[in-house]
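A note on names: the letters A, B, ... follow the listed sequences, proteins ahead of strands, and every chain is numbered from 1.
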2 protein chains.
Amino acid sequence: MAYPLRLDAAAIAAAARELVRAGGRQALSLRPLAASLGVRAPSLYRYYPDRESLEGAVAELAAAELADRMEGKRKGRRGGAALKAIAGEYLAYSREEPALFAMLLAAQPGPESKRLWNLLLAALEPVTGRADDTAAAVALWSFLHGFATLEAAGQFGASGPRGGYERGLSALLAGLRL
Amino acid sequence: MAYPLRLDAAAIAAAARELVRAGGRQALSLRPLAASLGVRAPSLYRYYPDRESLEGAVAELAAAELADRMEGKRKGRRGGAALKAIAGEYLAYSREEPALFAMLLAAQPGPESKRLWNLLLAALEPVTGRADDTAAAVALWSFLHGFATLEAAGQFGASGPRGGYERGLSALLAGLRL
DNA sequence: GTCTATAGTGGGATAGAC
DNA sequence: GTCTATCCCACTATAGAC
């Protein structure tokens, strides 16, 4: 056996996650990634056919991490408090891991994205009084994602969002109850 | 005069806009851009020091176009109808020009971004009853931008947003009135 | 002062040896 | 399964023509 097995898909994805976390999406390049794993770039193609599939794997890791964090915050809370807690965690993740957060939309939704979706739906049910209220989940997710994205892009300027998050979240939840 | 002036910053930006429009942000590369203007790539550096500044110029063009469209829709309408019209136009722009829409966040906000902001604030005033209601504008913009972004990224899946836009917009406006 | 030509760097991807 | 070697393409920088 000339070349012993040194790689596996999960280890590559984890190393890719670190590159993105530290330097953003553009920092995910094959040569540095391979170097961080002690191999040469072409070896990676045995596990991921192209760079795009690597991005998808990083997106899945990020979605899983976010879903874990949100689920952790939900525990021990109910109703509106639970909903605000997971919403706040969505925003906290976008602030603490902006590069990984941005990767969430870089790939087509995978299984972990479904978990995020189900978390939102479950948390909304006691607030709107309806099970599987897809429209409400779309609305809440849109608000959360938009706020996080605009804030990360610096679009709120020097004056900041000026309480727009709290005001919008309260208004949206109140309106969804109607 | 050996080399007559063939370029100017506005013409370069307009050609760059076309490249982005047709092929997305990655399609904005210097050689094709220069070729579309009948010059060689290095000539562009006299007007834009790097690719990033070109992206900023394209973002400004996109913001101006979007603001024009929103202002056009606002005319002849008042109150909630005017607000829903400009919100709908924001969404329509993201659907018709997805690549240019994505460029809006690629650069730091410029003067045209301020115009968009002021449009939102003015349209919100008769709805919330408050002048310069920054928090309300942040909330509405977040919802609009998030919905447009998630939809463009295919995050709503095959079933689509299921009325989440209409539901969220109505709920948010109702809640902001309180 | 503006443009051309070219060299240098680095990324993605593939072929074929081991 | 991993390697070397290589191709193609992109952005940067600079020397020099006009």
Pairs under 3.5 angstrom only: tabulate donor-acceptor contacts from the side chains of residues 13-20 of chain B to other protein residues two or more places apart or in another chain.
residue	atom	partner	partner atom	Å
B:R17	NH1	B:E65	OE1	2.8
B:R17	NH1	B:E65	OE2	3.3
B:E18	OE1	B:R21	NE	3.4

Donor-acceptor pairs under 3.5 angstrom involving side-chain atoms of residues 99-114 of chain A: please list them, not counting sequence neighbours.
residue	atom	partner	partner atom	Å
A:E112	OE1	A:R115	NH1	2.7

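Atom CZ in A:R46 sits roughly 13 Å away from atom P in C:dG16 (whole-Å rounding). We find that CG of A:L44 is positioned 14 Å from C1' of C:dT14, with the value rounded to whole Å. For the pair A:Y47 OH and D:dG1 C1', the interatomic distance rounds to 6 Å; values are reported in whole Å.
Heavy atoms of B:R40 sit under 4.0 angstrom from primed sugar atoms or phosphate atoms, though from no base atom.
Taking only side-chain nitrogens and oxygens, A:S43 comes nearer than 4.0 Å to OP1 or OP2 of D:dC3.
Closest non-hydrogen pair, B:A137 versus B:L120, comes out as O-CD1, 4.1 Å.
By the side-chain hydrogen bond (donor to acceptor under 3.5 Å, both in side chains) test, A:Q155 pairs with no residue at all, sequence neighbours left out. With sequence neighbours left out, A:S53 forms a side-chain hydrogen bond (donor to acceptor under 3.5 Å, both in side chains) with A:D50. Every residue two or more places apart in sequence or in another chain was checked for a side-chain hydrogen bond (donor to acceptor under 3.5 Å, both in side chains) with A:R40, and none qualifies.
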Check nucleotides 10-14 of chain D against the protein and report each pair of N or O atoms closer than 3.5 Å, with its distance, or say if there are none.
residue	atom	partner	partner atom	Å
D:dA10	N7	B:R31	NH2	3.3
D:dC11	OP1	B:L30	N	3.4
D:dC11	OP1	B:R51	NH1	3.4
D:dC11	OP2	B:L30	N	2.7
D:dC11	N4	B:R31	NH2	2.8
D:dT12	OP2	B:Y45	OH	2.4

